[in-house]
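See below for the structure under consideration.
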Protein chains: 2
Amino acid sequence: MDIDELARRSGVSAATVSRALNGRPEVSAATRARIVALAAELGYRPNASARTLASRRSELIGLLWDTDYRSGGRQHPFLQEVLIGLKAALSDRGQGLILLPIVPPDDEAGYVRLARQYTLDGIVMMGVDQHTPQVRALLATPIPCVGLDLALDGPRTASVGSDNRTAAADAVAHLHALGHRRIATITGPLDLWPAAERLAGYRAELARRRLRRRPEYEVAGDFFAASGAAGMRRLLDLPSPPTAVFVAGDAMAVAAMQAATDTGRTVPGDVAVVGFDDIDAAAMVRPGLTTIAQDYRRFGTTAAAVLAELAAAPTTDEPRSVLLPTRLVVRESSGSTAI
Amino acid sequence: MDIDELARRSGVSAATVSRALNGRPEVSAATRARIVALAAELGYRPNASARTLASRRSELIGLLWDTDYRSGGRQHPFLQEVLIGLKAALSDRGQGLILLPIVPPDDEAGYVRLARQYTLDGIVMMGVDQHTPQVRALLATPIPCVGLDLALDGPRTASVGSDNRTAAADAVAHLHALGHRRIATITGPLDLWPAAERLAGYRAELARRRLRRRPEYEVAGDFFAASGAAGMRRLLDLPSPPTAVFVAGDAMAVAAMQAATDTGRTVPGDVAVVGFDDIDAAAMVRPGLTTIAQDYRRFGTTAAAVLAELAAAPTTDEPRSVLLPTRLVVRESSGSTAI
DNA sequence: ATAACCGACGTAAGCGCTTCCGGCCCAGTA
DNA sequence: TACTGGGCCGGAAGCGCTTACGTCGGTTAT
């Protein structure tokens, strides 16, 4: 069942069928209705390759993600959720999603090859290092790109992510409201945008609440568990240890809680902790981890929407940036019983 | 840079270039070498759509997965790992991966449409209900399909998954070796292949070790945490409660441990537990959860390989089934200190 | 009245590949 | 020597669409 047959059966030319199905204006309403109805009845599906070849628009967007991303766990934070969101939004537009994972041993950037082979309409990047020559090559391309949790630059690019700064501030505010005054933090790798923003939010909220900022209360982590444990031990060994700590990632936060209990402290009694990400384990450990939940599904839908804008807009000058709201999930680790 | 230009520059026809690059035999070694070298130098990339259109082979395989899968967590078990494995293997073959997620308000099976629009070379299914008419429609198609953790039937299909039966037996054997004689189990939803196999393995090992099988020691769960907690409570309330329980999923296992401690028991002191899946949280909770780890990355690579076989083989009559080995990860919850 | 215009459609030329069908040339055979 | 048979390659016909461009009636302006 190709377009010619459908054309024959509906008594028009293939050109008209194409126009009718693609919503072009040069078709009378009556003809269009007839064709659309017949197409549905016969289950006609345009061939994606032919369409792409002829129109040089693929209706395909690529998802580039680094399988080695420093996420602190084996799971990329909520890859699945992002995928669901992306697909939901893309389906509405009739677009497909193709994967361009960066698989370690990077075979001379196979994903770059892929991106060029398929004439992609857009690329979503998550957890990649945008300073590698390969990624820069993609960015230089006329293909619109949007970074998830990633501040991209260049023309035809945008970023979407959580409002990490406000989220971190919320966490600190929560702790402060519970009476804590000596609030420390364990950060992520500060070259990553979200990690830097979370630290900034922590500092900002301390200032806003006129709490003294102590350099020794800012210890560096890398999102992995071990650094969380190490960080907590360092904080507790301080002459004046904090009574609460905001940990910039849940994997670190869980390890930090255990480090605290291992050294004889109780959580939240001796030290309260709030994490970031709301990974599955946050609800499974005891005490339950108070943390910041991100709406990853919305990451996906937003990315799709932004990509569409980018494709439509005439060479946008300055990179857009969309910040999504987060949600504080209160469990036991912060010592609050409030919901 | 299209094939014609490359042809011109290398002084042959486009037909010869195509043959040279596709490894056809009708080209002299010298010509081929020249063309291949020039192609690499000029960075020539064949247009995927044109190639697919002309050859009706897409070099694309689809991944169908149900975003609502009953996995017990928000994360599909190791979707990411499977993707990495798949991609690694597919890249070697020069194939791409397109996603066909089943997104909740299933828009008249958009994935079926996609599968037909792109002329897919194969489909990998994970966590789908193969009894829905849509999936059956896909299976009826000449496209090769392989199910992950899913026993597919039909021509040109195969399944790959862990050897759940042996794995469950290993778990029981581990518990038995530690001295336990009253070993219970909390199962997954038994209409799912892996869940049924795990129960079968549990029973088989009991029999092999001449342990009495008690019906009240087999309680039904659904892979979700709540059912694990409920199951454990029920087991502990028995007149003769088990001293060890094999829980068929980690989310349930973690909840089961907590239910045990909540009712005043200690793990592993009063009741030992071993789980299944080795989710991230298994290493994060206290006590650490002894569990069965599956090699999800290998799921992906194996699926790709099987798909290739399926495509090559002349209408295979009986569905193949590949069982992958698992690994027992011993932590504290089983009461063993051995590695 | 004629000219200019517009909406609705058909014709045909691609899009960038693959592949069938030959054709040429040089061995090997009778 | 004439004939056959490969090996190697070019020509050209698609693959199933999209999209200029052209055409043809029927309006509207002049």
Side-chain angles (χ1 to χ4, degrees), chain A residues 1-36 38-39 42-60 94-96 113-121 142, chain B residues 1-36 38-39 42-60 94-96 113-121 142:
Chain A
M1 166 52 70
D2 62 1
I3 202 176
D4 284 313
E5 179 161 350
L6 180 55
R8 223 173 308 119
R9 297 215 197 189
S10 46
V12 296
S13 72
T16 300
V17 171
S18 171
R19 285 188 281 246
L21 263 25
N22 289 323
R24 301 312 221 57
E26 321 92 317
V27 195
S28 73
T31 310
R32 178 186 317 260
R34 189 157 38 89
I35 294 177
V36 167
L38 198 58
L42 298 180
Y44 166 74
R45 301 291 171 217
N47 180 296
S49 301
R51 181 200 279 260
T52 301
L53 184 57
S55 66
R56 54 222 74 207
R57 274 177 288 105
S58 66
E59 307 291 309
L60 261 186
Q95 295 180 304
R113 194 179 53 217
L114 281 176
R116 291 181 41 193
Q117 273 180 335
Y118 304 95
T119 40
L120 296 182
D121 286 355
Chain B
M1 167 52 70
D2 62 2
I3 201 175
D4 283 313
E5 179 162 349
L6 180 55
R8 223 175 307 119
R9 297 215 198 189
S10 45
V12 295
S13 72
T16 300
V17 171
S18 170
R19 285 188 282 246
L21 262 25
N22 288 323
R24 300 313 219 58
E26 323 91 316
V27 195
S28 72
T31 310
R32 169 172 325 212
R34 189 157 40 89
I35 296 176
V36 167
L38 198 58
L42 298 180
Y44 166 74
R45 301 292 171 217
N47 180 296
S49 302
R51 180 199 280 260
T52 301
L53 184 57
S55 67
R56 57 218 78 203
R57 274 177 288 104
S58 66
E59 307 291 310
L60 261 186
Q95 295 181 304
R113 194 179 53 217
L114 282 176
R116 291 182 42 193
Q117 273 179 336
Y118 304 96
T119 40
L120 297 182
D121 286 355

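Since this is a predicted model, take the numbers as computed values, not measurements. In what follows, every chain begins at residue 1, and chains take the letters A, B, ... in the order their sequences are listed.
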Distance test, side-chain N/O of S18(B) to OP1/OP2 of dT18(C), below 4.0 Å: yes
All side chain to side chain contact (heavy atoms under 4.5 Å, CB included) counterparts of T31(A), not counting sequence neighbours: V12(A), T16(A), V27(A), S28(A), R34(A), I35(A)
Side-chain (R32(A)) to main-chain (R24(A)) donor-acceptor, under 3.5 angstrom: yes
Side chain D2(B), main chain E5(B), donor-acceptor under 3.5 Å: yes
Gap separating the OH atom of Y44(A) from the CG atom of L6(A), nearest 0.5 angstrom: 6.5 Å
Spacing of R56(A) atom CZ relative to dG14(C) atom P, expressed in whole Å: 12 Å
Residue-phosphate contact under 4.0 Å: R24(B) side-chain N/O, dT19(C) OP1/OP2: yes
For atom CG of N22(B) and atom C1' of dC17(C), their distance in whole Å: 9 Å
D2(A) vs R19(B), nearer the 5' end of DNA chain D by closest nucleotide: R19(B)
Distance below 4.0 Å between S13(A) side-chain N/O and dT11(C) OP1 or OP2: no
5′-ward residue of the pair T16(B)/S49(B) relative to DNA chain C: S49(B)
Point-to-point distance, once rounded to the nearest 0.5 Å, from CZ of R56(A) to OG of S49(B): 11.0 Å
Separation of atom CD in E26(B) from atom P in dT19(C), rounded to whole Å: 10 Å
Integer-rounded Å distance: dC9(C) P and R8(A) CZ: 19 Å
Rounded distance in Å - CZ (R32(A)) to P (dA8(C)): 10 Å
Pairwise side-chain contact, E59(B) with T52(B), heavy-atom cut-off 4.5 Å (strictly under): no
Leading and trailing nucleotides of DNA chain D with any atom under 4.0 Å from heavy atoms of chain A: dG16(D) to dA20(D)
Residue whose nearest DNA chain D nucleotide is more 5′ - L53(B) or S28(B): S28(B)
4.5 Å side-chain heavy-atom contact, L21(B) and P46(B): no
